[in-house]
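The structure appears below as structure tokens.
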Amino acid sequence: MRYSKLLIPTLKESPADAEVVSHKLMVRAGMIRQLAAGIYSVLPLGLRVLKKVETIIREEMNKIGGQEVFLPSIQPAELWQESKRWDFYGKELLRLKDRHDREFCYGPTHEEVITDIIRKEIKSYRQLPAILYQIQTKFRDEVRPRFGIMRGREFLMKDAYSFHADEADTQKTYEQMAQAYSNVFTRCGLEFKQVQADSGTIGGSFSHEFAVLADSGEDEIGFCEKCSYASNVELAESRPESNTTPSDGEEELKQVLTPGKKSVEEVSGFLGLSDKQIVKTILLENENGLVAGLVRGDHEINTVKLKNLIGCEWLLPAAEKTIQEKLGLPCGYIGPVNLDIPVYADQEVSQLKNFVTGANKADTHFTGVQFQRDLKITQSGDLRRILPGDPCPKCKDGEYQVKRGIEVGHIFILGTKYSEAMKAHYLDSHGKENLMIMGCYGIGVGRTAAASVEQNHDEKGMVWPLSLAPFEAVIIPVNFKKDDLKNACESIYNQLIDMGVDVLLDDRQDRLGVKLKDADLIGIPLQIIVGPKNLEEGNIEIKVRKTQESRLHPYPEGIKDIPNILKGL
RNA sequence: CGGGACGUGGCGCAGUCUGGUUAGCGUACUUGACUGGGGGUCAAGUGGUCGGAGGUUCAAAUCCUCUCGUCCCGACCA
């Protein structure tokens with residue numbers, strides 16, 4: 001391609017509304033433009049990158065027997081009502097009506113549509129397993145879209161669904177899919193981790209997330225340096241502390257005045273105790289009303305773990321208003337003693353003796369609280385967030401590390417959730433009807449590209465890996481007016497195209513500096529600079545974007561080495 | 001959903017508090033000349049319903065009301 005014929009509107013300054021590097025750079029490089037909150041247009045250069053990600057995904061999906069389909073983005077409400085998600089999905093589901101007033105939604109995901117096809121078209125175990133995938137635009141009306149293409153409302157996603165006759169087969173495909181995902185992200189040149197993730201209400205222990213390590217990530221990943229254990233912090237198990245509490249006598253329950261002391265630090269400081277002797281009572285709300293979670297003062301509650309322990313549909317922090325209305329208790333002084341709602345305690349809390357809690361009375365706390373004697377606990381379990389430095393629950397001598405990550409892929413075993421709700425049956429070899437078992441697997445295409453920028457950039461701009469770069473090489477004439485330079489560039493350009501190199505010819509009339517700045521900004525891996533002095537001496541300059549290292553190569557003989565240089569990057 | 005900020009040529013901003021020439025700067029864009037190895041110089045230009053609606057006033061980018069849009073923070077530490 002010729003630069004002069006391409007729409008690559010690069011900018012010198014970052015847009016004022018961009019926060020993260022990938023957003024800033026993708027706008028500056030003329031790859032994307034915002035149309036509305038969380039909705040972006042993709043320009044030619046950006047599309048080239050997305051297409052490269054797509055190609056890698058297609059190759060890996062096809063390799064494990066995936067068949068590509070293309071499903072509608074607008075879906076009838078009936079299908080969603082059948083799966084019960086019409087009511088359940090909430091405001092993230094963008095609903096619309098057609099001219100006949102029929103209800104539709106813009107698909108945020110496609111379990112319903114694909115299950116509808118499969119239940120109609122597949123009847124026999126002989127046709128299973130079936131693995132179908134598509135690369136298509138999704139819309140999720142996020143509360144708060146941000147970070148450009150990384151968390152948009154409209155975004156490009158590869159979603160795959162698999163249908164199976166039995167669990168072993170599902171498991172097999174799940175593992176192949178995990179491997180395929182691993183291959184995709186490796187080929188995209190990303191540093192990532194495959195981590196256990198929360199499977200939510202879907203059930204089953206099989207869900208893994210693929211997280212690209214980056215400070216701008218919204219996920220927290222906990223992993224062990226010594227063994228292979230890695231999981232989303234939401235899910236990471238905490239290993240019970242083995243230190244036995246001193247066997248002091250049990251103190252009496254005593255009310256103490258703690259005027260104005262609400263936070264753990266304030267209370268512990270005021271009473272001259274360690275944070276570990278305080279128990280925090282956190283009020284949350286789910287579909288059945290308020291619940292309380294107890295964790296030690298130096299710990300934090302993990303609501304995902306609590307939600308899983310309770311087995312409720314949803315769980316959110318209770319609003320102060322709700323607490324006032326339903327319990328009439330003063331925030332800051334709430335405690336589990338005589339608290340008339342379900343109380344769930346972290347396992348560490350059950351080990352404590354003589355601890356402090358709120359007394360459900362303004363400016364008052366209890367001291368000498370005993371777990372067994374004073375509290376009515378609905379259930380105890382692992383409820384706390386892991387912290388960096390916590391012991392690994394798996395290998396016993398490693399420590400947790402916590403890093404931020406961008407979720408670029410997620411795979412699930414769905415079981416029969418959808419096949420049951422939507423009656424997707426098949427006949428087995430005995431002629432008996434069975435429910436199909438399903439898996440679903442997603443990759444954020446744009447997010448993968450953005451994650452790559454987050455991981456690979458410098459002060460000059462983006463540094464694409466060869467596999468995702470919009471072009472593999474760019475030819476930069478120092479002066480495009482001089483015929484000998486121009487002819488040499490045209491010749492190199494044609495030869496590289498013939499050799500199958502994805503090459504860009506910067507045929508603009510601008511000065512060298514402009515071209516080099518742009519080449520660095522858009523991050524093309526190899527720059528071929530053709531200047532008058534070098535050319536006279538029979539040389540061209542080949543510069544690597546990433547390292548900024550530059551070497552002279554003989555011209556014209558050296559042209560044929562370029563594909564090899566690219567391979568070596 | 002709660003809180004905060006912002007909206008002025010394509011992009012980045014000043015002007016708004018304290019109303020008053022023809023709305024300004026940088027950059028980009030067009031034309032010409034010079035220049036030609038890291039966003040060059042000079043000259044002449046193009047481009048603006050100051051987000052929108054209503055109001056106050058002799059006079060509104062500026063004051064008031066409403067509205068739309070965009071961004072940020074928060075929505076577990078009781």
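Throughout, protein chains are lettered first and strands after them, A, B, ... in sequence-line order, and every chain is numbered starting at 1. FYI, side chains are in, hydrogens and waters are out, and symmetry mates aren't considered; it's all heavy atoms of this structure.
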Sugar-phosphate only, base, or nothing, as touched by A/Gly531 at under 4.0 Å among non-hydrogen atoms: base

Sugar-phosphate only, base, or nothing, as touched by A/Asn302 at under 4.0 Å among non-hydrogen atoms: nothing

Residues forming a salt bridge (charged side-chain N to carboxylate O under 4.0 Å, His left out) with A/Asp561, sequence neighbours excluded: none

Give each protein N/O atom lying under 3.5 Å from an N/O atom of nucleotides 44-52 of chain B, with the pair distance.
none

Nearest to side-chain heavy atoms of A/Lys481, which nucleotide of B/G12, B/U35, B/G39: B/U35

Any side-chain heavy-atom pair of A/Leu466 and A/Glu472 under 4.5 Å: yes

Side-chain donor/acceptor contact of A/Asn534 with base of B/G37 under 3.5 Å: yes

Separation of atom CD1 in A/Ile476 from atom P in B/G39, rounded to whole Å: 14 Å

Spacing of A/Asp17 atom CG relative to B/C71 atom P, expressed in whole Å: 6 Å

N/O donor-acceptor pair, side chain A/Lys533 with base B/G37, under 3.5 angstrom: no

Close approaches to RNA chain B from residues 376-386 of chain A, in residue order (heavy atom, under 4.0 Å): A/Arg385

Nearest-nucleotide 5' precedence on RNA chain B, A/Phe147 against A/Val264: A/Phe147

Listed nucleotide nearest any side-chain atom of A/Pro15, set B/C72, B/U35, B/G12: B/G12

B/U21 to B/G32 separation - P atoms, rounded to the nearest Å: 38 Å

Identify each atom pair where a protein N or O and an N or O of nucleotides 26-32 of chain B are less than 3.5 Å apart, giving names and distance.
unit_1 : atom_1 : unit_2  : atom_2 : d
B/U27  : O3'    : A/Lys12 : NZ     : 3.2
B/A28  : OP1    : A/Lys12 : NZ     : 3.1

Watson-Crick or G-U wobble partner of B/G48, both distances under 3.5 Å: none

Atom-to-atom span, CD of A/Glu536 to P of B/G37 - whole angstrom: 14 Å

Results of salt bridge (charged side-chain N to carboxylate O under 4.0 Å, His left out) for A/Asp382 - residues two or more places apart only: A/Lys305

Closest to side chain of A/Ala16, choosing from B/C13, B/A78, B/G36: B/C13

Carboxylate-amine/guanidinium proximity below 4.0 Å for A/Arg545 and A/Asp458: yes

Result block: side-chain N/O donor-acceptor pairs under 3.5 angstrom for residues 474-486 of chain A, not counting sequence neighbours:
unit_1   : atom_1 : unit_2   : atom_2 : d
A/Asn479 : OD1    : A/Lys481 : N      : 2.7

Lys/Arg-Asp/Glu bridge criterion (N-O < 4.0 Å) met for A/Asp215, A/Arg404: no

Test: A/Arg384 and A/Asp390 ion pair at under 4.0 Å: yes

Side chain of A/Leu11 (C-beta onward), nearest among B/C11, B/A78, B/A75: B/C11

side-chain hydrogen bond (donor to acceptor under 3.5 Å, both in side chains) contacts in which one or both residues fall within residues 367-378 of chain A, not counting sequence neighbours: A/Asn354-A/Gln370

Inter- and intrachain pairs under side-chain hydrogen bond (donor to acceptor under 3.5 Å, both in side chains), touching residues 85-97 of chain A, at least two apart: A/Arg85-A/Glu111, A/Arg85-A/Glu112, A/Arg85-A/Tyr418

Nearest-nucleotide 5' precedence on RNA chain B, A/His365 against A/Lys460: A/Lys460

Option from A/Arg28, A/Arg508, A/Lys12 for which salt bridge (Lys or Arg N to Asp or Glu O under 4.0 Å) with A/Asp518 holds: A/Arg508

Sugar-phosphate only, base, or nothing, as touched by A/Thr281 at under 4.0 Å among non-hydrogen atoms: base

Spacing of the P atoms in B/G26 and B/U22 (rounded, Å): 22 Å

A/Phe155 six-ring centre to A/Arg447 NZ/CZ under 6.0 Å and within 45° of normal: no

Nucleotide opposite B/C42 in a Watson-Crick or G-U pair, distances under 3.5 Å: B/G32

Paired nucleotide for B/G26 [Watson-Crick or G-U wobble; both distances under 3.5 Å]: B/C11

Per A/Glu541 side chain, nearest of listed nucleotides B/G37, B/G39, B/G36: B/G37

Contact list for RNA chain B against residues 19-45 of chain A - heavy-atom distance below 4.0 Å: A/Glu19, A/Arg28, A/Gln34, A/Ala36, A/Ala37

Sugar-phosphate only, base, or nothing, as touched by A/Ile334 at under 4.0 Å among non-hydrogen atoms: sugar-phosphate

Separation between NE2 of A/His410 and OG of A/Ser207, rounded to the nearest 0.5 Å: 3.0 Å

Please set out all donor-acceptor pairs under 3.5 angstrom arising from side-chain atoms of residues 17-24 of chain A, sequence neighbours excluded.
unit_1  : atom_1 : unit_2   : atom_2 : d
A/Ser22 : OG     : A/Glu454 : OE2    : 2.7
A/His23 : ND1    : A/Gly148 : N      : 3.4
A/His23 : NE2    : A/Tyr40  : OH     : 3.3

Residue pairs passing the ring-ring contact (aromatic ring centres under 6.0 Å, His included) test where at least one lies in residues 330-369 of chain A, sequence neighbours excluded: A/Tyr333-A/His365

Per-pair distances, 0.1 Å, donor-acceptor, side chain in residues 523-541 of chain A, under 3.5 Å, sequence neighbours excluded:
unit_1   : atom_1 : unit_2   : atom_2 : d
A/Gln527 : NE2    : A/Asp520 : OD1    : 2.7
A/Glu541 : OE2    : A/Ser550 : OG     : 2.8

Sugar-phosphate, base or nothing in reach of A/Glu266, heavy atoms under 4.0 Å: nothing

